[in-house]
> 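Have a look at this one.
Just so it is clear: chains get the letters A, B, ... in the order the sequence lines come, proteins before strands, and each one is counted from 1.
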Amino acid sequence: MAFDPNSYESKWRQYWRDNSTYRVENPKAGEKPKPKYFVLDMFPYPSGAGLHVGHPLGYIASDIYSRYKRMTGHNVLHPMGYDAFGLPAEQYAIQTGIHPAESTATNIKRYREQFDLIGFSFDWEREVRTSEPQYYKWTQWAFARMFESYYDTALNKAMPISELVSAFAKTGNANVTAATESKNQFTAEEWNGFSRKQKSEALMDYRIAYRRTSYVNWCEELGTVLANDEVVNGVSERGGYPVEKKAMLQWSLRTSAYAQRLLDDLNDLEWSDSLKTQQRNWIGRSTGCQVFFEIDGKTDRLEIYTTRPDTIFGTTFMVLAPEHPMVDAITTSEHKASINAYRERAAGRSDIERQADAKEVSGEFTGSYAVNPFNGKKLPIYIAEYVLVDYGTGAIMAVPSDDERDERFAKHFGIEIIPVVDRPEGSSAADKVGTMINSDFLNGLKVKEAIKKANYEVQKRGIGQAKTNFKLRDANFSRQRYWGEPFPIIYDAEGIPEVVADDQLPVKLPKLDDYKPAPGGDGPLARAKDWVNLPDGYTRETDTMPAVAGSSWYFLRFMDPGNPDAIASKEAMEYWESVDLYVGGTEHAVAHLLYARFWQKFLYDIDAVPVAEPFKKLINQGMIQGVVETIYLHKEDKYFASADLVNDDNRDDFAPNYVLVDYISDYGFDDRPSNLSFENIASFRKWRPDYKDTEFRYGPDKDKFFSHSEVGKMSKSRYNVVNPDLIIERYGADTFRMYEMFLGPIEAHKPWNTNGIEGVYKFLRRFYQLFYNEEGQLIITDSAATPEQLKTVHGTIKKVREDIERFAMNTCVSAFMVCVNELRSSKCTSRDALEPLVRLLAPFAPYLTEQIWSDFGNEGSVHLTSLPVHDEQYLVESEVEYPISVNGKKRATAMFSVDASKDDIEKAAITHEAVQSYIEGKQIKKVIVVPGRMVNIVV
RNA sequence: GCCCUGGUGGUGGAACUGGUAGACACGCAGGACUUAAAAUCCUGUUCUCAUUGCGAGAGUACGGGUUCGAUUCCCGUCCGGGGCACCA
């Protein structure tokens, strides 16, 4: 019987399922547990398109690693679940009326089939879905705890809000060390005199989950608010709809309070540098100085933030953000009209418009002046868009000599420029080098010393202090959507928010007939009157949580998925602790990973988890890209033109149309441009009946109709999704798995092509043929393996183990190929040599190895055996081949015994026949012998 | 603009701490088997020159440097990919 994966793969799929081969147990009380290892994949959003060939890349690598760990004595937690809340299912529901839960369940079923097909070793008994009430109960529970906590900046952790309440009652808020943006001050007497409502509002300024009016990214088309990272180039990431700034009452999480810890704890993680840098940039720590400037003729002081207090003598004007709260108070009557016009214009402009002319200089004078605290100089106060209201204090001291933007502004408005740093040639202001000039007591100091001195002086004179700033903003946590977690929040008749009691959780989503947003910026839940209105005049919050909520802690639930009393039991948490290896794409480098780290730290603070970081080691798999194929439709004459008829001059006359990639021949070849054959054109017409009579115009090459080909993301809308099912049907899952690994390093981005898949298929067939004859009978014998064969096998064991450990699955595959090629040419049939190879290959090709293992007459799965260990004795060489170089250029090779002395090797090398012509008549200056490596003769 | 990455044959890639550049695979060329094709198997395949045989030289984006020796380390330039972007 010839090699035929289809003949056995489905059998083993069923076997693994029936026998729960991959079930993982938590250790029982009193039992001495095996060392644990937690391998996690970023769980997918179950979209309607199903898995494409890009998704499994990371899953396969982590599956191999999990199997490797399992076979080397570890208790491996390797679960999978679904990030099941999200926008697409809801939009689909709006279009079709099908409940998101229903379409999501359908999609999940499809995903599961595909997962099973590929042969992943997930423990499906631990599956989680973020949209299940028993899961989101704990999302709500964590939110409730955040509502009931504040961040103590002295203790550097979250604390119960009740402690803050008693502190307020005793001493007011003047001395509390709590993270807040509020400037309100109140005494104990004032606090005690507050109404319930006033107290509630005051506490909102401190809660870690809090509600405030903030400028948010409002997307009218989607009817919801979006987070900054859901907005790309001023349009929504999903759908590409315009996004505007809007002031709305929104739930937020005080992520900014955790900025320093999120930054510090990065250092100990085994993450790539680029990823850590991305997180650091996002957190955006800067150290500077907060300084108060008096305003001429006013009692109010203007607070600014600068990283360059040394340049304070170069300040020639001040700038406020247009939205700055002090603008009204300082604008003089004759400037009111123009200031208001400017502010209106700024408010009406979307981010994309602002960015488009970021280099444009605009601004408006308020008519007021600030006073430089060091020299009393009067400084005109402007407002301008280039100062952002939500960074620092929303106001700056402008130093045109040492800031590019200030310089542009000063030149545009004809404002004085005073040089204060004598910079060396070729350096810029950002380099912070040079010597201070025109700066009174700072003169003669180097910039870095001057910064320290200026900080000191500011503090001494009581006009400010050194301060650290972060770009990281609080997370906006409200969405006006249906398909997300309801907030565990109710409002009493006065509108005071309260958390829903723990025993009332989960707050389940109500049934709805219409998923469209309700009018007035309310979410669809506002339509569910029976659900919203509670006895005693209470009402429910109608916003829902964003998609990041459920994914911020799902890894914890896998530790103890069914637990009704906690996220997971204490024992389970202490045993599994955190994720040892996390594999996923870079698209989640910032948002998901940052939120998950924040969530974990909060849970750590309230003693709900034992460690403060969720993911010890992280590997980013690259994206497998698709080929995007387009053909050109003439806009006026409505015919399709072959790509060779389209050039830069007439390109605008054509509208590009994506073509289903299946209809394209020859893509991926440089010398044979992608094209549609006659049959393909017929298929295309059938696929798009609206074009069934459209003419296809050929270019000079009359045989072929060319399409335009480029590499791009695989997506349903580009019709270029390659489905793994078809590959598996043709070659089997083992080939698919190994081919994806063989494509290259796991982190690399690469376009999908099947050019090399035959090579991997051939390899597996040859592996099979080592064990079976053409009739499908085992041909293994008990004859002794030769030393060469044992060397091959043990060398392979050693290399594969090392390469798995450093996640180099591609070189593992080639090591297997080399091994099989060698054993094949030496006609190896020895069980001693071949049996370990079955176990070694098992993590990569689970189906074939299981079949061979069973044909060997073994009971039980090969995947529950142990990985072979290499025996060094088969690898020791008596002789080593040394390259002999002359002046670094290899000229000959020679064999030397491993224990040959340096001197012997040197002597033999210089008398070696092949090198004579290179050293003849020249003086040998030096001979370098690296034992076991090489010889270099320097002449 | 700033930050992070990467640049190796016709192609995907290998070379882990500086030590035989191009493993493995695809593709291509030639051969065997076949009436023929497919499949399979064998041989060759970095480039240039030479070729009757031995060979010789160059070569890891480019230009320098350190070193006995550099794909690997350092400096500069160019190009690709990703992220951030008026962050004071």
> Would you say A:Glu385 and A:Tyr342 are linked by a side-chain donor-acceptor pair, where the criterion is simply a distance under 3.5 Å?
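Short answer, no.
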> Kindly point out which of B:A88, B:C42, B:U5 is positioned nearest to the side chain of A:Thr307?
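The answer is B:A88.
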> At under 4.0 Å between heavy atoms, which parts of nucleotides 12-22 of chain B does protein reach? Answer with one letter per nucleotide, 5' to 3': B base, S sugar-phosphate only, - none.
BSSSB--BB--
> Expressed as a whole number of angstroms, how long is the span from A:Trp271:CH2 to B:C4:P?
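Rounded to whole Å, this separation is 18 Å.
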> Determine the Euclidean distance between corresponding P atoms of B:G10 and B:U45; express it in Å to zero decimal places.
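These two P atoms come out 15 Å apart once rounded.
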> Expressed in whole Å, how much space separates the P atoms belonging to B:U43 and B:C49?
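The answer is 28 Å between these two P atoms.
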> Which of these nucleotides, B:A88, B:C4, B:A23, is closest to any side-chain atom of A:Thr277?
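Per side-chain heavy atoms of A:Thr277, the pick is B:C4.
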> May I ask you to decide if A:Ile418's main-chain N or O and A:Ser401's side chain share a donor-acceptor pair within less than 3.5 Å?
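A pair under 3.5 Å: yes.
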> How many Å lie between CG on A:Asp403 and P on B:A88, as a whole number?
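Rounded to whole Å, this separation is 9 Å.
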> From B:A88, B:A25, B:C86, pick the nucleotide closest to the side chain of A:Ser286?
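Among B:A88, B:A25, B:C86, the one nearest the side chain of A:Ser286 is B:A88.
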> If the C1' atom of B:C73 is compared with that of B:G18, how far apart are they to the nearest Å?
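After rounding to an integer number of Å, I get 8 Å for this pair.
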> For residues A:Pro5 and A:Asp734, determine if any side-chain heavy atom of one lies less than 4.5 Å from a side-chain heavy atom of the other.
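They are not in side-chain contact.
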> Whole Å only: how far is the NZ atom of A:Lys467 from the C1' atom of B:A88?
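Distance check: A:Lys467 NZ to B:A88 C1' gives 13 Å.
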> Kindly express the pairing pattern of RNA chain B in dot-bracket notation, using | wherever a base pairs with another strand and counting only Watson-Crick or G-U pairs under 3.5 Å.
(((((((..(((......[....)))((((((.......))))))((((.....))))..(((((..]....))))))))))))....
> Aromatic rings A:Tyr382 and A:Phe413: how do their planes relate, parallel, tilted or perpendicular, breaks at 30° and 60°?
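Geometry flag for A:Phe413 against A:Tyr382: tilted rings.
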> Take atom OH of A:Tyr391 and atom P of B:C86, then tell me their distance rounded to the nearest Å.
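Result: 12 Å.
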> What distance, rounded to whole Å, do you find between the two P atoms, one in B:U71 and one in B:G83?
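To the nearest whole Å, 33 Å.
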> On the 0 to 90° scale, with breaks at 30° and 60°, tag the A:Phe844-A:Phe816 ring pair as parallel, tilted or perpendicular.
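Perpendicular: the ring planes of A:Phe844 and A:Phe816 meet at over 60°.
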> Taking atom P of B:U5 as reference, at what distance in whole Å does atom CZ of A:Arg280 sit?
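Checked: the CZ to P distance equals 11 Å.
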> Atom CE of A:Met623 and atom C1' of B:U5: how far apart are they, to the nearest Å?
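These atoms are roughly 15 Å apart.
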> Taking the same atom, C1', in B:G59 and in B:G7, what whole-Å distance lies between them?
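It comes out at 15 Å once rounded to the nearest Å.
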> Quick one: A:Tyr739 OH to B:C24 C1', roughly how many Å, whole number?
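To the nearest whole Å, that distance equals 13 Å.
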> Would you confirm whether A:Arg423, through its side chain, and A:Gly434, through its main-chain N or O, come within 3.5 Å as a donor-acceptor pair?
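No, the answer is negative, given that no donor and acceptor are paired below the 3.5 Å cut-off.
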> Nearest to the side chain of A:Asn755, heavy atoms from C-beta on, is which of B:A23, B:C26, B:A25?
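In terms of side-chain proximity for A:Asn755, the closest of B:A23, B:C26, B:A25 is B:C26.
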> Without hydrogens or angle criteria, can the side chains of A:Thr393 and A:Glu303 be said to hold a donor-acceptor pair below 3.5 Å?
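Distance-only check fails for A:Thr393 and A:Glu303.
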> When the ring planes of A:Trp752 and A:Phe736 are compared, do they come out parallel, tilted or perpendicular, using 30° and 60° as the limits?
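Tilted, since the angle between the ring planes falls between 30° and 60°.
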> Could you tell me how far B:U34 sits from B:A50 if I compare only their C1' atoms? Round to whole Å.
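Result for the C1' pair: 40 Å, nearest Å.
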> Is the distance between the ring centroids of A:Tyr761 and A:Phe3 less than 6.0 Å?
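Yes, ring centres under 6.0 Å apart.
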> Distance between the C1' atoms of B:G13 and B:C68, in whole angstroms?
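These two C1' atoms come out 31 Å apart once rounded.
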> Under the rule syn = chi within 90° of 0, otherwise anti, which is B:G9?
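You should classify B:G9 as syn.
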> Decide whether A:Asp803 and A:Thr811 meet the rule of one side-chain donor and one side-chain acceptor closer than 3.5 Å.
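Yes - a donor-acceptor pair under 3.5 Å links their side chains.
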> Taking only heavy atoms on the protein side, list every residue of residues 758-767 of chain A lying under 4.0 Å from any atom of RNA chain B, sorted numerically.
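Of all residues in residues 758-767 of chain A, the ones placing a heavy atom under 4.0 Å from RNA chain B are A:Gly759, A:Lys762, A:Arg765, A:Arg766.
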> Write down the distance separating the C1' atoms in B:U11 and B:G69, rounded off to the nearest Å.
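It comes out at 31 Å once rounded to the nearest Å.
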> For A:Ile624 and B:G82, give me the distance from atom CD1 to atom C1', rounded to whole Å.
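Atom-to-atom, A:Ile624 to B:G82, this comes out as 17 Å.
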> Tell me which of A:Arg473 and A:Met817 sits closer to the 5' end of RNA chain B, going by the nucleotide each one is nearest to.
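Comparing both residues, the 5'-ward one is A:Met817.
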> Does the plane of the ring in A:His588 sit parallel, tilted or perpendicular to the ring in A:His592? Use 30° and 60° as the thresholds.
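The rings of A:His588 and A:His592 stand perpendicular, inter-plane angle above 60°.
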